[in-house]
Amino acid sequence: MNRTLRENIDWVGHVDWTVRDFHGYDTARGATYNAYLVRDDQTALIDAVKAPYADELLGSIAALTDLSGVKFVVCNHAEPDHAGGLPRVMAALPNAALVCDKKCATALSQHHDTTGWKMRIVATGDTISLGRRTLQFLETPMVHWPESMFTYVPEEKLLFSMDAFGQHYATSQRFDDEVPLGTVMEEAKIYYANIVMPFGKQVAALLKKTAGLDIGMIAPAHGVIWRKHIPVILEAYQNWADCRPKPKVLVIYDTMWDSTGRMARAILAGASQPGVEAQLIHIRHSSLTRIATEVLDAAAVAFGSSTLNQGLMPMAGAVLTYLKGLRPVGKVGFAFGSHGWSGGGPEAVNEYLRAMKWEVPREPLKAQYRPTPNVLDECRAVGGMLAEKAREMAADRKVGGRQCNEP
Amino acid sequence: MKRYACTVCSYGYDPALGDPENGIPRGTPFEDLPEDWRCPWCGAKKSEFVPEQEPPSEVHKERA
């Protein structure tokens with residue numbers, strides 16, 4: 001495996017082949033926790049790994065250099081998948097100072113006993129010279145935690161971007177040109193949708209800032225390193241941050257006795273128009289991770305739930321709660337579903353759609369016990385309307401409801 | 001009108017811009033924000049905000 005980014009800059013992370021549940025994120029292809037060693041007159045470690053892999057990280061460092069020669073450990077992000085290994089790492093590196101921003105120092109002290117650590121607090125614009133190379137710091141608040149930071153090495157045109165541009169993707173290869181681009185981009189999209197989506201505004205602001213940097217390589221904290229397809233991932237981030245919809249209609253539903261299911265299929269049939277991608281997703285046969293990913297670039301979402309105990313189907317509630325937190329912006333939404341004697345499911349869906357400030361062009365469509373042929377006709381008509389809207393939104397680069405990235 | 005910064009995430013509240021997405025019109029002084037208003041970036045409470053130091057934060061330079 002080629003671990004070398006530049007001369008004397010090496011990957012020393014861990015490939016987590018078997019993880020399938022990363023704090024609820026469905027990591028179907030596993031994950032990596034990337035750490036990097038920059039050897040110079042003074043040596044710096046950029047980020048660490050999850051706690052169980054700290055010894056492996058130290059072994060990788062020891063294979064390259066004397067542990068006592070490591071002078072700096074940069075922590076770009078305090079989350080335990082990167083910083084969990086720090087207590088072990090700081091104990092094993094006798095001459096290292098922990099380099100991070102002020103908020104990160106606080107966050108680390110709330111996770112770990114940091115009293116014995118030598119700390120060097122940095123802020124945007126600060127630099128540390130290692131000898132031939134320089135570490136330059138850029139705070140990136142809320143991409144995706146308050147203490148998040150980038151580290152840039154101008155002499156190498158190398159950006160250590162922490163979680164930004166990352167992917168949960170276990171592979172024996174370290175670079176974007178060594179693996180299929182479609183796979184990397186799929187995982188980058190899943191990662192953006194499930195981790196970064198709430199912070200689109202901050203991403204857009206950050207992309208403006210990084211446009212001023214000369215970037216020849218982006219080394220994120222997860223997945224493969226970008227060296228060939230940098231414009232591809234930057235453009236994708238710009239599109240996602242700008243909430244640019246595709247001509248895509250999702251029909252997401254949960255159903256008890258298939259009444260809501262019948263409605264969903266009728267909506268799908270109506271939405272299946274030329275030039276429009278329509279997708280049917282049964283919530284209990286999918287996952288939160290997959291659904292969030294499909295919502296990211298959809299223009300329109302029809303969301304259905306049967307009525308259970310006067311409210312939502314519980315997994316429909318889970319999906320809506322998850323989506324609301326991820327704050328997908330600029331969609332057209334439509335609620336539908338069946339009920340028996342009380343009603344409640346579709347109405348509860350509608351409240352979520354409105355809470356997300358989506359454009360909701362009509363009231364929920366409901367069926368009592370079984371959708372009648374008239375109701376199914378109406379479902380097909382609504383599907384056609386959503387397809388038309390999706391086409392217009394994609395063509396005009398318009399969004400529905402709350403606008404994206406406005407001050 | 002004074003600008004305020006979120007101590008949790010660095011978001012800057014600019015009274016001239018308000019927070020229209022969350023129903024706060026332009027020209028609303030920080031003091032007049034409802035007590036249940038939250039930081040639009042990170043969800044921090046109003047009590048986590050402090051008057052902004054000069055010079056204005058990077059966030060503000062961008063928003064201006």
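Labels below follow one simple rule: chain letters A, B, ... track the order of the sequence lines, proteins then strands, and each chain is numbered from 1.
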Handout entry: Shortest non-hydrogen contact from A:Arg327 toward B:Pro40
Key = NH1-O, 3.0 Å
Practice task
For A:Lys246, look at atom NZ and say whether over 12 heavy atoms of other residues, nucleotides or ligands are found less than 6.0 Å away.
Solution key: no
Exercise for the section: Could you pull out the closest heavy-atom pair between A:Phe199 and B:Trp41, with the gap in Å? Expected result: CE2-O, 4.0 Å
Practice task
Taking atom types as modelled, find out whether A:Lys103 and B:Ser10 have a side-chain donor-acceptor pair closer than 3.5 angstrom.
Solution key: yes
Completion exercise
Interatomic distance, CD@A:Gln202 vs SG@B:Cys42, rounded to 0.5 Å, equals 9.0 Å
Exercise for the section: Could you walk me through whether B:Asn22 and A:Lys357 pass the side-chain contact (heavy atoms from CB on, under 4.5 Å) test, one step at a time? Expected result: CA-CA 10 Å; B:Asn22 296 298; A:Lys357 298 174 183 162; 3.1 Å; yes
